[in-house]
Each structure stands twice: as C-alpha cells, then as structure tokens.
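Chain naming here is simple, since letters A, B, ... match the order of the sequence lines and numbering starts at 1 in each.
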Protein chains: 2
Amino acid sequence: MITSVDPALALTIRREESLTSIIRREIERMIDERELNPGDWVNEAMLASRLKVSRGPVREACRGLEQSGLLQVVVNRGVFVRKIEPKDAAELYDLRAALFALAGRLLAPKITKTQVAVLRKLVNAMDRAASAEGDLDKYYPLNLEYHRKLFEFAGNARLLATYLSLVRELHLFRRRALEPSGRMADSNAEHRRILDAIAAHDAEGASRLMEAHVLASKGRSETEASDTK
Amino acid sequence: MITSVDPALALTIRREESLTSIIRREIERMIDERELNPGDWVNEAMLASRLKVSRGPVREACRGLEQSGLLQVVVNRGVFVRKIEPKDAAELYDLRAALFALAGRLLAPKITKTQVAVLRKLVNAMDRAASAEGDLDKYYPLNLEYHRKLFEFAGNARLLATYLSLVRELHLFRRRALEPSGRMADSNAEHRRILDAIAAHDAEGASRLMEAHVLASKGRSETEASDTK
DNA sequence: AAATCGAAAATCGTCGACGATTAGCTATTG
DNA sequence: CAATAGCTAATCGTCGACGATTTTCGATTT
C-alpha cells in the first residue's frame, strides 16, 4: 500500500519532491510496519535528527497526516499515532460498505473485457491460495488487490482516494482488518459471484453483492474486538 | 459551514489552540467568501504578514488544507486554491449520493421523536421559503442544514466528517453547488417523503429516496456546467 | 508512607534568516 | 520584429534558535 523508498537515497535525488512528502511516506511506513503503534508518541526532534532534517518539514508532514486521520495532534503536548477504537472501526466498516456499493454500481455498466480478465485472474489466484492449506499470508494481499482493482476500474478517482485512505485507517485498527469473514473459499466464492454480476453489467446486483460481502467483515471485527487485546 | 471568528481576537485568546488551526480557519473563510478563488495563488509571505505571524504556521496550515482537498501544493512554486473541474464535481456528486444512501440506512432504524421534530421544523421552514416568492437565499441554508442534520442524527462521526469535507469541496466548484434540482417546492416535497420514510423506520426506502434526491443535483450540475463556465 | 509542592529538564510553538529555485524583465541576436 | 539568453527580483524550502508550556522527579510536609 505504501511505496517503500530508501529515505537517504530519496533525499539526494529529489528536487521535484519536498522533504515534507518524503517524511510523510516515512512516517506512514513506520506505522505500517508497526515501528509506531497506535497511541505512541511521535517525537518531532527525534524523528528530525533520525532523518537528518530539521523539525520544520517533520511538523508539516504531521499536519498532513493529521488531516488524513493517521495522527492526532494535541496542542502543546505533541503528536500521537491515532488510536482506532472499536466504535471508530465500526463506523469505517459501514462507510467502506457504502463505497463498495457505489463502486459496483459505477463499474458494472462500463467494465471492459480486459478488466474482467484481470479480476478473474485474481480470483483464480485466491482460489489456489485458499485451497493450498488455506494460506492467509498469500490470500490477504490478493484480496486487498482485488478490492482495490474494483475501485480503480470504477473510474472515480475521488472514490478510490477515499477508499484507500479508509483502508489505511482500518489497518491502523488491526493489521489484517480486511481478512475474509468466513473461510477463504467461501469468501472467494462471493468474489466470483460479484465478478459475474459485474461482467454481466448488472449494476444493482453487483452493488448489492459487494455491499453485503463487505459488511461481513464488520460483523467479524465486532465479535473479535472483545477477546483480542 | 465554517465557523467565523475574528482572527485578531483569536490570536490573543488562544493558548489552547495553535496558530496553525486559526490560520487554517482563516484561509477556509477566505475561500468561502471568495476572497480567494479557485486557481488563485496563495502567497505565504503575504498571508503571514497580514496575520502578523511567521511563515511556519502558514505553511503548516496549508499542508493540512492540501490533504483535505482545498489547496494544491506545487513544489517550488507555491500553493493554489484547488480548481474543481466538472469531472471532479461529478465524482463528488456520486460520492455524496452514496453517503446519503448510507445515512438513510443508518438513521431510519434509530431516529428519535425529537429528531423527527427538528427535521420537520426545517422542512416546514423550507416550505415557507419556497412559497414566499421562492426565496433561494432563505431556502439554501435551510436545505444545507436539513441535509447536515440527517448525517448528524445518523450517528456515524466519520460519515459526517466525510460528508462535510465533501460539501466544502463542492462549494469550491460552485457557491450554490447544492441547490435544489427543480423547483424548490418539488425538492421540499421530496424532503418530506424522505422524512416520512425515516420516521416510519423504513431503512431501505429512506436510503433509496435519499440517494435519488441527491443524484438529481448531479444531473443539474452537468447541464449547467456548459453555459455557466 | 502518601501526597503535595516546586525546580529542572524536555518538548512544543513560533520566529527570522539563508541558500535554492522560479518567474519576470531586458538586452542581444538572427 | 520575434526569439532566445542572461540577469534580477521574488518566492519557496529548510534550518537553527528562543521563549512558553508541559512533564519529570526529588524535596518537603502532613
């Protein structure tokens, strides 16, 4: 999700990218790889010296990340990695479902044969991952990619951006926030039905199926929220 | 939509609010009141001296505003008020419709009598504004308020935040981006039907009505985009 | 011993300054 | 006269420093 670039190298190359954006990516990476955990305090000075820059660009990066929901800034106290409570996560899941409904409705009428092929390839790959010992490590990224492609193909840039930002927040709540609700094989069967509906240009059907498919992971997150952590 | 506070006063009071957030509100206000127009260049130094602060806080405010889509930052060239093209606006309208569908589905099962009363009061007020010479200046803010309340009552904070940010962007595209698609009376009749469905706890009905109601303004924006410029 | 108070350290918010990049203007050339 | 090249001014990106606020930790009191 987050393109990883060697910060030191990027520092020498840039000239068409400000330090701020590089630092933002770096912070995103640190959160993504759990070097920073929800609730953790982000020390401006330490980050600055670690990246060999001054505090200015670091602060600017944090302001951007605050707006996108990854960080939380408390006046005169500092910035912290945002904590996603189960309640927040539930809200995000609902929002995600609504976005999927829209994606399906937009995509079904306009999908091309090439795009169908791309999606079908992903579904097949997931089938293999699901049958081979149920390898979630293989299944999960494919699942993420499949869902993402649905939004890319939907052709609404703003919808895609909103979806990605939302997924990033959800991963803050749980690393595998979007794993299939039931068995992988069952989940992928739904992927296949969704793809069929889209390929048949059935907007309403695709929209309904996608929303339902995605709402399942919400229910799952709620039942697990009690025993996890 | 944007709470207006005298910047000079706020500057003396704060102590629990950073300059950055005050400046961000000020820039939002300037955009809102068309002191800054889409495409305009935002001079950091000028803004800083006008507000009697240094460039640091101004830059931080701009980074936040960039992330929320109001400003666009070009490296080594400066920040500009974002230009919303008709294509972007169409995307936002679609997104808005999807959000309304979700709001309706969430709100219908849980709305209280008090909330219904609040909404009904707004609808009645809009009726008066619509009949009295069709006063759009009176109708428009009520319309905005009515829609906003639907999201507030839906009880999903993140949904509300997304909606508000989206409306703010839409107003960047056109000051009256959300005016009724047909005659005010007709539009308000839809408001009444929506309210009835919600009051009757009909989630699916409300969801469908709200989405349709809101999609109408998209169609309108597209037909006007050609002659309004 | 627990709680409260106060001083010292750490961190944040803000500022002014410096080099680097870009834009605008003038002069030169074909 | 148009186009290009070079110079100048304006602006951006980054930095280090200073006062203000918060936190830490030990001393004092009950």
Side-chain angles (χ1 to χ4, degrees), chain A residues 5-27 30 35-37 39-67 70-83, chain B residues 5-27 30 35-37 39-67 70-83:
Chain A
V5 174
D6 176 29
L9 183 68
L11 270 168
T12 66
I13 294 185
R14 67 180 163 88
R15 268 316 176 306
E16 51 186 40
E17 192 175 18
S18 78
L19 277 188
T20 299
S21 63
I22 296 174
I23 295 170
R24 197 165 64 199
R25 270 206 311 274
E26 174 65 5
I27 297 178
M30 291 174 72
E35 292 176 31
L36 289 173
N37 291 293
D40 279 3
W41 169 51
V42 179
N43 188 326
E44 291 178 2
M46 205 189 73
L47 242 175
S49 69
R50 240 196 62 179
L51 298 176
K52 305 273 191 280
V53 298
S54 78
R55 278 174 50 221
V58 174
R59 285 177 60 85
E60 289 181 20
C62 288
R63 287 320 182 282
L65 257 3
E66 178 193 20
Q67 202 60 32
L70 283 188
L71 297 181
Q72 186 170 8
V73 176
V74 183
V75 192
N76 278 324
R77 287 206 26 187
V79 320
F80 304 82
V81 179
R82 176 149 166 250
K83 249 182 177 155
Chain B
V5 175
D6 176 27
L9 184 67
L11 270 169
T12 67
I13 295 185
R14 64 181 166 87
R15 268 311 177 302
E16 53 185 40
E17 193 174 21
S18 78
L19 278 188
T20 299
S21 63
I22 297 175
I23 296 171
R24 197 164 64 198
R25 271 207 309 277
E26 173 65 5
I27 297 179
M30 290 173 72
E35 292 176 31
L36 289 173
N37 291 292
D40 279 3
W41 169 50
V42 180
N43 188 328
E44 291 179 3
M46 205 189 73
L47 242 176
S49 69
R50 240 196 60 179
L51 298 175
K52 305 273 192 280
V53 298
S54 78
R55 277 174 51 221
V58 173
R59 284 177 60 87
E60 289 181 19
C62 288
R63 285 322 183 279
L65 257 4
E66 176 192 22
Q67 202 60 32
L70 282 188
L71 297 181
Q72 186 169 7
V73 176
V74 183
V75 194
N76 278 324
R77 288 209 24 192
V79 321
F80 304 83
V81 179
R82 176 147 166 251
K83 252 183 176 154

I want to verify a distance call: between [options], whose nearest atom is closest to the [X] side chain?
X       : options                : value
A/Glu44 : C/dC12, D/dC15, D/dC12 : C/dC12
A/Pro57 : C/dT11, C/dG13, D/dC15 : D/dC15
A/Arg63 : D/dC15, C/dG13, D/dT14 : C/dG13

*Flag the pair B/Val81 / B/Val42 as yes when at least one side-chain heavy-atom distance between them is below 4.5 Å, and no otherwise.*
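Yes - at least one pair of side-chain heavy atoms lies under 4.5 Å apart.
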
*Going by heavy atoms in the side chains, are A/Arg63 and A/Val73 under 4.5 Å from each other?*
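They are in side-chain contact.
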
So, OP1 or OP2 of [N]: does either fall under 4.0 Å of a side-chain N or O from [X]?
X       : N      : answer
A/Arg55 : D/dC15 : no
B/Trp41 : C/dT22 : no
A/Asn43 : C/dT11 : yes

_From B/Asn37 atom CG to B/Met30 atom CE, the distance as rounded to the nearest 0.5 Å_ =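 Reported to 0.5 Å precision, the distance equals 10.5 Å.
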
*A/Cys62: which of A/Ile27, A/Thr20, A/Leu70 passes side chain to side chain contact (heavy atoms under 4.5 Å, CB included)*: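 In the set A/Ile27, A/Thr20, A/Leu70, the residue that makes a side chain to side chain contact (heavy atoms under 4.5 Å, CB included) with A/Cys62 is A/Ile27.
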
_DNA chain C: 5'-proximal contact among A/Val79 and B/Arg77 (nearest heavy atom)_ =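 Nearest-nucleotide comparison on DNA chain C picks A/Val79.
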
Measure the distance from [atom1] on [X] to [atom2] on [N] and round it to the nearest whole Å.
X       : N      : atom1 : atom2 : answer
A/Met46 : C/dC12 : CE    : P     : 11 Å
B/Asn76 : D/dA10 : CG    : P     : 18 Å
B/Glu17 : D/dT21 : CD    : C1'   : 16 Å

